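Only one structure is covered here, and it is reproduced in the block below.
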2 protein chains.
Amino acid sequence: MKPPSEKSAGRRKSRPSFEPLQPHEVELADFFVRMAGILGVPRSVAEIYALLYVSSGPLDFDHIQGRLGISKGSVSQGLKFLRDHEMVLSVKEKGARRERWQPTPSLAASLVALLRSQVLPALEQAQPGLQRVLADAQQRGAQPEVIERLSRLNRWNSRALELAPLLLPPPGA
Amino acid sequence: MKPPSEKSAGRRKSRPSFEPLQPHEVELADFFVRMAGILGVPRSVAEIYALLYVSSGPLDFDHIQGRLGISKGSVSQGLKFLRDHEMVLSVKEKGARRERWQPTPSLAASLVALLRSQVLPALEQAQPGLQRVLADAQQRGAQPEVIERLSRLNRWNSRALELAPLLLPPPGA
DNA sequence: GCCTAGGTTCAAAATTTATTGAAACATCAG
DNA sequence: CTGATGTTTCAATAAATTTTGAACCTAGGC
């Protein structure tokens, strides 16, 4: 079933030939992939996280690539994303060359961080624009209903920005 | 600036020729588009919502299409999406043929509904699978750490499902 | 019934986004 | 320094998503 058509099963460098995901691992991966999809996180990233999540110890680069059957580039980028969002951390044993990865302790914290990183920039960037839109509407003497809507949007935006730092301290605090 | 190169400015059926979005409208649309993007809602849908949001009265199909400069298909599908998620409602004046659209009163409620509709199905569908994954791990005598993770995931899932109906009653209650 | 304004559908085209893999880069043991 | 291992980059490709527009419904006036 697994065609051994790897060109020349080299003796020496012998790619360790990793197993594909087990059914129970696939199931979990599907769950993560779906949830991630809602936030626009790519499949490969969710798969990497899921794999680390069901694995007993930390896994190294080659294991991740081998078991998921995805490219080096994807693994690298996926780990970068997860690292940047503080969703995984590496444990490098002393004297070892390769890094080994595991999920950060709290999935909850990870999710909050992820959301923050997506929503906050949008809110921040929008702030001045929204204020301008409101001012504009007031000047033009727009319908009270519209003014009301735009005011509420502004209030929300402001409050969200105030609350944000409380949810989770900005990376580095 | 606006090249009148519409082939034969037909007298009769005279496309009313709507204005493109004003700068302040564009600004708001950009905001909504960005926020929507986080949840994977397409640009055209966000634009429609934004337009209704800044407009004084309800708008009809042709106005939406004309002002946004998008295709009929997009308007139809966009309105369907917004309708399905209870983010807009139509007011059809008696004796009038066309429907006219406006945003539902509470943007907050709309957002919650939207989230619900994305997250809930995933949670529900995952429930049995997650339980199986956990049982599986226990049988195989997996590492306590992994068991712990999977248990927590299951607990979360269950709690989320219990809480969900409280957040907003299911459409039709 | 027939006609038409008003809207929907859906396959094809355009656009966006993710993945791949080869080449470049980095780091460490020797 | 050198050579090999381990990782990142990024242009090209593949895959997924969105938009378009023409054909197709549907309800209401006549």
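For clarity, every value in this text was computed on a predicted model and none was experimentally measured. Heavy-atom basis, side chains included; hydrogens, waters and symmetry copies ignored. So that the names make sense, note that chain A is the first sequence line, chain B the second, and so on, each numbered from 1.
For S44(A) and dT19(C), the shortest distance from a side-chain N or O to OP1 or OP2 is below 4.0 Å. OP1 or OP2 of dT8(C) has at least one side-chain nitrogen or oxygen of R83(B) nearer than 4.0 Å. Put simply, S71(A) has no side-chain N or O that comes within less than 4.0 Å of OP1 or OP2 on dT19(C). R98(B) has a side-chain polar atom (N or O) that falls below the 4.0 Å cut-off from OP1 or OP2 of dG6(C).
Residue L79(A) contributes atom CG, which lies 15 Å from atom C1' of dT9(D) at whole-angstrom precision. With rounding to whole Å, Q77(B) atom CD is found 15 Å from dC24(D) atom C1'. To the nearest angstrom, C1' of dT19(C) lies 16 Å from CZ of F81(A). Rounded to an integer number of Å, the gap from CD of Q65(B) to P of dG21(D) is 9 Å. Going from atom CG of L82(A) over to atom C1' of dT7(D) covers 16 Å, rounded to whole Å. Whole-Å rounding puts the K92(A) NZ to dT27(C) P distance at 9 Å. Rounded to whole Å, the distance from CG on D62(B) to C1' on dT8(C) is 14 Å. The nearest whole Å value for the distance from the NZ atom in K72(B) to the P atom in dT18(D) is 23 Å.
Across dG28(D), dA18(C), dT20(D), the shortest atom-to-atom separation from the side chain of P42(A) is found for dA18(C). When distances are taken from the side chain of F61(B) to each of dG28(D), dT8(C), dT19(D), the shortest belongs to dT8(C).
With contacts defined as side-chain heavy-atom distances shorter than 4.5 Å, the pair L114(A)/V41(A) qualifies.
Between G73(A) and V75(B), the residue anchored closer to the 5' end of DNA chain C is V75(B), taking for each the nucleotide with the nearest heavy atom. Comparing S74(A) and R97(A), the nucleotide of DNA chain C nearest to each residue sits closer to the 5' end for S74(A).
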**Report entry** salt bridge (charged side-chain N to carboxylate O under 4.0 Å, His left out) assessment of R140(A) paired with D136(A)
**Finding:** CA-CA 6 Å; R140(A) 294 199 326 280; D136(A) 220 68; 3.3 Å; yes
**Report entry** Step-by-step salt bridge (charged side-chain N to carboxylate O under 4.0 Å, His left out) determination, D84(A) to K80(A)
**Finding:** CA-CA 6 Å; D84(A) 289 351; K80(A) 178 175 189 339; 2.9 Å; yes
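Using modelled atom types, one side-chain atom of R67(B) and one backbone atom of P20(B) make a donor-acceptor pair closer than 3.5 Å.
Stacking of R149(B) on the aromatic ring of Y53(A) is recorded, both the 6.0 Å distance cut-off and the 45° axial limit being met.
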